[in-house]
2 protein chains.
Amino acid sequence: MNKRSIKQSFTVTFEYDVHFTADLFAAENPLLAQFFANKTAAATPKLLVVMDGGVVEYHRSLPEKIRAYVSETGCVELVDEVMVIPGGETAKNNVHVTDSIIDAVDRHGIDRHSYIMAIGGGAVLDAVGYAAAVAHRGIRHIRIPTTVLSQNDSGMGVKNGINFRGKKNFIGTFSPPVAVFNDSSFLRTLPHRQWLAGISEAIKVALIKDADFFEWISRHAELLHNRDAKAMEHLIYRCAELHLQHIAGSDPFEFGSSRPLDFGHWSAHKLEQLSGFEVLHGEAVAIGIALDSTYSSLAGYLPYSDSQRIVDVLQALGLPIFHSLLEIGDIGHPLLTGLEEFREHLGGRLTIMLLQAIGNGMEVHELDSALVLQAATALQQRVAAIHG
Amino acid sequence: MNKRSIKQSFTVTFEYDVHFTADLFAAENPLLAQFFANKTAAATPKLLVVMDGGVVEYHRSLPEKIRAYVSETGCVELVDEVMVIPGGETAKNNVHVTDSIIDAVDRHGIDRHSYIMAIGGGAVLDAVGYAAAVAHRGIRHIRIPTTVLSQNDSGMGVKNGINFRGKKNFIGTFSPPVAVFNDSSFLRTLPHRQWLAGISEAIKVALIKDADFFEWISRHAELLHNRDAKAMEHLIYRCAELHLQHIAGSDPFEFGSSRPLDFGHWSAHKLEQLSGFEVLHGEAVAIGIALDSTYSSLAGYLPYSDSQRIVDVLQALGLPIFHSLLEIGDIGHPLLTGLEEFREHLGGRLTIMLLQAIGNGMEVHELDSALVLQAATALQQRVAAIHG
């Protein structure tokens with residue numbers, strides 16, 4: 001029996017800039033034109049723009065503004081059509097949405113050296129990013145996240161995804177963008193609930209990585225709650241920085257089991273699903289953070305006073321810390337079902353991030369069901385005490 | 001205007017072994033069991049096997065053999081179902097085929113730490129590879145190529161793809177496998193036309209990279225034509241080695257415009273499409289090699305005697321060097337249309353590999369239409385002279 005083998009090994013480098021700006025498409029803002037000018041190309045590349053319907057509602061003149069910017073600067077060849085797709089989970093729930101983008105790629109002769117620009121919330125970035133990742137085996141994509149949540153978290157990450165047969169992110173890839181532009185002017189028109197909800201991803205990353213940043217958030221809770229633009233810009237910058245450092249420094253394409261950025265997320269996934277996505281991702285994460293912080297202290301990892309402080313900050317920001325859908329129901333406790341589903345979703349060994357100090361995460365491979373329920377009950381009672 | 005930016009940069013390492021063996025699923029062959037044993041895992045991982053219908057036809061007992069191997073060695077947890085999907089371009093033409101694999105991933109709880117094994121020709125590996133790449137953002141996939149073509153070329157590459165609205169490989173990703181097993185026993189049952197056609201990818205890589213290998217092929221043309229197993233094993237090993245070195249040493253995910261391994265391919269794509277895939281990929285590549293070698297010599301890059309030798313070797317192997325579908329038709333010359341389509345497909349700058357010597361490729365960015373037609377005519381006359 002002939003037995004030989006060849007070891008194949010190679011590395012691929014991914015590089016992209018995350019820009020923080022305001023009014024990206026204002027005639028006097030050279031940032032986007034510079035981006036295209038810096039990309040040496042034989043010919044002017046094509047650009048297909050796909051926008052979130054929710055954004056267009058608040059920014060009716062945006063397509064015209066983009067056309068004007070591009071025609072003024074001549075930086076890129078904009079295809080005639082500016083696509084608008086439904087915002088929120090709808091973008092990810094319907095394969096026709098991604099197919100319509102792939103059709104547009106075909107119709108407009110968009111190739112691997114052209115660009116697709118997604119402007120919108122996290123769901124729209126996810127759906128467009130997926131279409132861009134698979135059409136022609138990957139078209140360069142530019143992300144312009146328009147929500148607090150996407151500007152400080154998913155917008156600069158490397159993942160995309162759509163839902164399949166109702167299962168969240170069942171299909172997707174790891175495909176870094178070629179550039180991210182965080183434009184603060186989109187945040188001004190954000191509904192208040194979304195403004196607040198996005199803050200929870202910043203709290204999450206502060207709690208596992210940066211105690212000083214958590215202190216800063218705590219001191220600026222009132223400003224942030226009252227929509228102070230400068231405070232929000234700082235929050236987003238620091239949060240993006242921590243997320244980007246984390247991605248670059250660990251396992252960007254998640255070959256292993258460890259997913260530290262999923263702190264507070266295992267129960268959040270379940271709650272979002274139970275609520276039919278009526279609970280926003282950021283709200284569910286706030287509840288997940290409250291739960292896992294409380295658990296950390298009940299399990300003896302984190303001082304009790306620290307878990308109390310965390311819940312205090314969440315509440316000072318107007319974020320929820322419990323939801324009645326997480327109460328015990330007819331088919332058992334939804335939290336325990338959620339934990340099991342998370343185990344399956346991760347695959348391999350269950351790995352859950354907890355806290356051993358504010359700013360210092362720790363991973364465990366098992367959660368004690370009784371303590372999970374005790375943590376949930378403590379939060380439920382705290383909410384009842386306030387509202388009661 | 002607040003203007004800051006963060007530079008993101010990281011590298012991802014991809015590693016996999018390409019094994020050369022015979023009778024991979026024979027009880028006495030420890031290779032596959034060793035592969036799973038070497039992967040440390042908390043629990044025995046699951047395995048979903050997807051087979052090419054064309055392979056099952058010649059290897060009826062294969063599903064049983066795999067079950068016996070796995071149950072004997074206990075190396076992995078085989079899910080109850082061994083999937084069989086249609087072979088050839090059908091696997092890639094119908095999105096229901098890939099959806100059925102993703103459904104199986106869901107049904108059997110296949111996660112990112114489980115395995116999907118594809119057994120079949122290049123088209124089946126492409127379709128299964130695509131489904132594996134996008135389900136859960138990537139499930140570990142093992143490739144078992146069963147044809148000469150896929151064992152020495154696409155099977156150990158990093159690309160997958162399916163067709164979309166009739167356009168070849170319009171959708172796909174770059175997703176390296178976790179292992180490739182080249183099992184020579186599958187080649188014994190290969191129809192003769194497929195056996196021969198696969199050799200053209202070896203000629204291609206020899207011509208652009210390794211003059212000695214071309215000499216070897218030339219000396220062994222008769223043995224190869226007469227299905228000598230040892231000669232074919234050597235051909236596949238050396239060809240795989242050259243392909244793997246090329247991928248690792250250059251631009252594995254093809255971010256640039258250069259695609260040296262596409263030597264002879266621009267016209268091949270057009271011919272395959274015109275023939276409704278009746279002409280095999282390897283046959284079309286043989287014709288493409290003849291055309292681009294002849295062009296190289298007409299353009300003054302390659303000595304005339306070398307282009308004649310190349311065509312001689314192709315013919316000695318029983319490979320075609322011209323096809324009547326490439327003659328001028330009502331809507332202009334199909335070769336010139338094909339060149340334009342290839343330019344669009346590549347995007348950016350047209351880059352075509354030609355030869356400046358046997359074993360030494362060179363890239364050009366323009367082809368002279370008149371010389372392309374002259375090369376085609378020369379080959380057509382050569383065929384006519386033989387058959388006339």
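Note on naming: letters A, B, ... go to the chains in the order of the sequence lines (proteins, then strands), and numbering restarts at 1 for each one.
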Top contributor to chain A interface from [options] [non-hydrogen pairs under 4.5 Å]:
| options | answer |
| --- | --- |
| B/I102, B/V105, B/V158, B/D251 | B/I102 |
| B/I110, B/I171, B/L31, B/D99 | B/I171 |
| B/R137, B/E15, B/M156 | B/R137 |
| B/P252, B/G109, B/A135, B/G138 | B/P252 |
| B/T11, B/I247, B/V180, B/V12 | B/V12 |
| B/Q245, B/K167, B/H365, B/E241 | B/K167 |

Taking side chain as everything from C-beta outward and backbone as N, CA, C, O, which of these in [X] sits under 4.5 Å from a heavy atom of chain B? Side chain, backbone, both or neither.
| X | result |
| --- | --- |
| A/K46 | neither |
| A/P176 | side chain |
| A/F181 | neither |
| A/Y16 | both |
| A/N182 | neither |
| A/D106 | both |

Heavy-atom pair with the smallest gap, counting every atom of A/S9 and B/A248
O-CB, 3.7 Å
For the atom pair [atom1] ([X]) and [atom2] ([Y]), what is the distance rounded to the nearest 0.5 Å?
| X | Y | atom1 | atom2 | result |
| --- | --- | --- | --- | --- |
| A/S175 | B/F253 | OG | CZ | 9.5 Å |
| B/E254 | A/H136 | CD | NE2 | 13.0 Å |
| B/Q8 | A/H243 | CD | NE2 | 11.5 Å |
| B/F170 | A/D103 | CZ | CG | 8.0 Å |
| B/S250 | A/F10 | OG | CZ | 9.5 Å |

Checking B/R4 against A/T21 for the side-chain contact (heavy atoms from CB on, under 4.5 Å) test, could you report, in this order, the C-alpha distance in whole Å, the side-chain angles of both residues, the deciding distance, and whether it holds?
CA-CA 7 Å; B/R4 287 193 284 187; A/T21 189; over 6 Å; no
Would you mind telling me which of A/D17, A/V18, A/I6, A/T13 has the largest number of heavy-atom pairs within less than 4.5 Å of chain B?
A/I6
Kindly assign one of parallel, tilted or perpendicular to the pair B/F255 and A/F14, based on the angle between their ring planes and the thresholds 30° and 60°.
perpendicular
When the 4.5 angstrom heavy-atom criterion is applied to B/F164 and chain A, the contacting part is side chain
